[in-house]
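Remarks on the structure that follows.
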2 protein chains.
Amino acid sequence: MSLNHSNKNQDAGARSLEGDFPLPPGRSLDICQKLQSAILQHRLEPGLKLSEDEVGEVYGASRTVVRASLQALAHSGLVTIEKNRGAFVARPTPREAHEVFEARALIEPRLARMAAETISDADLERLKAHIDAEHAASHAGDMGKALSLSGSFHTAIADIADHKIMAQMVRSLISRSSLIIALYWKRVETTCESHSHHALLKAFSEHDGEAAEEIQKSHIVDLHSGLDLRNKEEKTMRLSDVLSGDA
Amino acid sequence: MSLNHSNKNQDAGARSLEGDFPLPPGRSLDICQKLQSAILQHRLEPGLKLSEDEVGEVYGASRTVVRASLQALAHSGLVTIEKNRGAFVARPTPREAHEVFEARALIEPRLARMAAETISDADLERLKAHIDAEHAASHAGDMGKALSLSGSFHTAIADIADHKIMAQMVRSLISRSSLIIALYWKRVETTCESHSHHALLKAFSEHDGEAAEEIQKSHIVDLHSGLDLRNKEEKTMRLSDVLSGDA
DNA sequence: TAATCACAGATCGTATACAATTAGACTTAC
DNA sequence: GTAAGTCTAATTGTATACGATCTGTGATTA
């Protein structure tokens, strides 16, 4: 469903599924993934408070494991923890948003080049299927899912490049980007990314690293320019209302 | 003592001291820093098991807070956690070592350029003092401290560049580099870095971003080439014996 | 009426207790 | 003598309980 194979690496375990959380064992990982998924699909708005008791009740877990999950998410940048105040869905500042896309513009083109040079036919097919799914979700009006898929397209490239360290960095950056887009996206067009992703796929199929690097760089600079980085007012709402049949 | 001012940012709190741990509140942070310091100074060998009970007893804390610390360190890459088996000081594989220095060679030159363009006179002085301290420690034979200082020189540059996201990445990479050097360093010369660091300082003082970027890139490539990336055999030892008056 | 203070409820930080899993050692069989 | 199997001790995973801190409400006073 989510195209996270990684072609050459054979390390099984917690790191394999989706957003690799480097550590939290047992059930914490499940909750991490569910919360991350909910945040990435914009079902949990930035700034929303994630009370330990409340989250634990929703997912049927104890505060111990919830705490571990929240800490892991905090480290990924998706959650902010304030001492003696609790955890909140992160609200990237305009400056952080700027920095995130600067970092992406530096790292992802390099990964795109590496991926283009070593990509296999099977991975090419997977990327193609991924783009189709993204296209379909976009046309079906499910923008949350479309955005989530758009993000995992980028992480898929990092996995194909088979550079674990940078892939980890990109994953964190992509996650933050999702929040940033939720807060600061100004464009209306829904077809914003399809073109670049198709162009990337073409460069990949031709194993043209140079072109892939250039396309990816332009793509991210373009995304960056699609943001309206002005401060937004805060909002508040309840958690139980938005997370119902998710446990 | 450790040159972590950061010239322009005014965010106080947990992030200010040394290795910014994004989250763990209260005493977990203390233990994080102490463990990190011990690992970075090679007082805790890679592969050493960090039992929760044992660490808790050494630092006079409960397993709860120790667990939080270990998870945070695991996310920084300094510790590996295996489910139902416990935490260990990380043993970067040769491949991980390679990837870490590739990432550093990509990110740090950019930061060096940014730092050179905006560095203040006060920061220049601090960097100079830092180099002197490094030099002194090196000549005093305290290689652990010298290496630690050498690492914090790089993080200081990231702080001066005032790019929080990339600075965080670099911090993690530097930490891992310390482990990598402990495992794979092959050169004998102790004066390995002084020259590059001095050259960097000169470029900074002239606000020559171009030169700083180039020097930093060569410097990291040079460090990378100083590694002997062949597999090492494992070792085992006790924790209590090496951490005595540290609580 | 507005501002200050005090109190109560709620939430987080930490410690402890119990359950589950693992690792090592001993026994036993071949 | 070696290998397999079982059992016990140790360690981690999880839950719960208690103490500390914060936030919001209400009373009191100028």
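Quick note on labels: first sequence line is chain A, next is B, and so on, each numbered from 1. Computed from a prediction, not measured in an experiment: that's the story for all the values here.
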Decide side chain to side chain contact (heavy atoms under 4.5 Å, CB included) for A:Asp159 and A:Asp123; before the verdict, give the C-alpha distance in whole Å, the side-chain angles of both, and the deciding distance to 0.1 Å. CA-CA 10 Å; A:Asp159 285 334; A:Asp123 283 325; over 6 Å; no
Would you name the heavy atoms of [X] and [Y] that are closest together and state the gap between them?
X	Y	result
A:Val55	A:Ile31	CG1-CG2, 4.4 Å
A:His130	A:Ser152	NE2-OG, 2.8 Å
B:Gly226	B:Trp185	O-CE3, 3.6 Å

Tell me, do A:Leu179 and A:Tyr184 make a side-chain contact under 4.5 Å, heavy atoms counted? no
Evaluate A:Leu40 against A:Ile174 for side chain to side chain contact (heavy atoms under 4.5 Å, CB included), listing each step before the verdict. CA-CA 9 Å; A:Leu40 261 50; A:Ile174 300 287; over 6 Å; no
On DNA chain D, more 5' by nearest nucleotide between A:Lys83 and B:Gly86 is B:Gly86
Outermost DNA chain C nucleotides near chain A [under 4.0 Å, heavy atoms]: C:dT11 to C:dT14
Protein-nucleotides 23-25 of chain D N/O pairs under 3.5 Å:
from	atom 1	to	atom 2	distance (Å)
D:dT23	OP1	A:Arg85	NH1	3.0

Protein-nucleotides 17-21 of chain D N/O pairs under 3.5 Å:
from	atom 1	to	atom 2	distance (Å)
D:dT21	O3'	A:Asn84	ND2	3.4

note: B:Arg67, atom CZ; D:dT12, atom C1'; distance rounded to Å ~ 6 Å
Take the protein atom CD1 of B:Ile81 and the nucleotide atom P of D:dT12, then report the distance between them rounded to whole Å. 10 Å
With distance as the sole test, does A:Ser69 use its side chain to make a donor-acceptor pair with the main-chain N or O of A:Val65 at under 3.5 Å? yes
Assess, by modelled atom type and distance only, whether the side chains of B:Arg104 and B:His154 contain a donor and an acceptor separated by less than 3.5 Å. yes
Salt bridge between B:Lys164 and A:Glu96, side-chain N to carboxylate O under 4.0 Å? no
Side chain to side chain contact (heavy atoms under 4.5 Å, CB included) between B:Leu50 and B:Phe88, intermediate numbers included: CA-CA 5 Å; B:Leu50 299 172; B:Phe88 306 82; over 6 Å; no
